[in-house]
Amino acid sequence: MNLIFLGPPGVGKGTQAKLLCNKYGILHLSTGDILRLEISKKTTIGNFAKEFIDKGELVPDDTLLKMMKDRLCLDDAQNGYLLDGFPRTIEQAKGLNLILKKIGHKIDSVISLYANEDELVNRLIKRGLTSGRSDESIEIIKNRQKIYLDQTSPLLSYYHNVGLLIKINGVGEIKYINDEIIKIVNQYA
Ligand code: C5P
Ligand code: MG
């Protein structure tokens, strides 16, 4: 089973992704986590990505596509995965399609988690107190929400049009939201 989690920063993609990947034994691929690891190791890609991430902006599409192409070809990505935080632009979604075609994979479902902006900003401010992330100050949080609306939210109609999109309310108890997602993805497991 190959899944995509779509949704604004702070909606709970990471939290729900971990629960789901544990349950089904699939690989959790968080592009944000991968980029932060590259930054901590001071690799070429990490050094390049840092200036974008620190401003809350998106790392260029070609960088993400190259990185994910390499990642999806590795052995551990051949038995199911959940993409958390990628694709984030229409260009990335189109590029992902080409990659998947080449390696013979297909996406079973795109789960869109949603919540209102006040809820998201409050969650991220709270998370920023302990996360140690360089992009969780109030201005950067607001910029990330704006970038989501401008650049990522067009993916909702993109995936709706190909019949893959499922929307789930991201406000409520973690366990309840997890059950809602399980009801949907069980058919692909
Ligand atoms: O997904 P997450 O919120 O952890 O991503 C953190 C940051 O990583 C984003 O704000 C963005 O700067 C960068 N990123 C990106 N492109 C992606 C995923 C993450 O530029 N596809
Ligand atoms: Mg995340």
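Sequential numbering from 1 along the given sequence is applied to the chain's residues. In listed order, ligands and their atoms are each counted from 1.
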Completion exercise
When every non-hydrogen atom of F5 is compared with those of A17, the smallest separation belongs to CE2-N, 3.5 Å
Problem - Min N/O separation R36 to ligand 1 under 3.5 Å - result: yes
Handout entry: Winner among R133, R144, E136, K55 once heavy atoms are compared against atom 10 (O) of ligand 1
Key = R144
Handout entry: Carboxylate-amine/guanidinium contact R144 E57, below 4.0 Å
Key = no
Practice task
Return the option from R88, M68, K50, K13 holding the heavy atom at the smallest distance from atom 3 (O) of ligand 1.
Solution key: R88
Practice task
Pull out every atom of ligand 1 sitting under 4.0 Å from any heavy atom of G85, numbered as shown with elements.
Solution key: 17 (C), 18 (C), 21 (N)
Problem - Any pair counted as ring pair (Phe, Tyr, Trp, His ring centres under 6.0 Å), so long as it reaches residues 102-155, sequence neighbours left out - result: Y81-H105
Problem - Atom CD1 of I182: over 12 foreign heavy atoms under 6.0 Å - result: yes
Practice task
Examine distances only and state if a side-chain atom of N161 and a backbone atom of S157 form a donor-acceptor pair shorter than 3.5 Å.
Solution key: yes
Completion exercise
Between L83 and the options L6, T31, L96, the side chain to side chain contact (heavy atoms under 4.5 Å, CB included) test singles out L96
Problem - Which of the ligand 1 atoms, numbered from 1, are nearer than 4.0 Å to a heavy atom of Q92 - result: 21 (N)
Problem - Contact (N/O only, under 3.5 Å) between D84 and ligand 1 - result: no
Exercise for the section: Identify the protein heavy atom lying closest to atom 8 (O) of ligand 1, giving its residue, its atom name and the separation to 0.1 Å. Expected result: I53 CD1, 3.5 Å
Problem - Contact (N/O only, under 3.5 Å) between L35 and ligand 1 - result: no
Exercise for the section: For atom 12 (O) of ligand 1, grab the closest protein heavy atom and report residue, atom and distance to one decimal in Å. Expected result: E57 O, 2.5 Å
Fill in the blank from the handout: Rounded to the nearest 0.5 Å, the CG atom of L120 sits from the CD1 atom of I125 at a distance of 11.0 Å
Handout entry: Those atoms of ligand 1 less than 4.0 Å from some heavy atom in V59
Key = 15 (C), 20 (O)
Handout entry: Side-chain H-bond candidate by donor/acceptor type, N169 with Y176, under 3.5 Å
Key = no
Practice task
Before signing off on this row, confirm whether L58 and ligand 1 have an N or O atom pair separated by under 3.5 Å.
Solution key: no
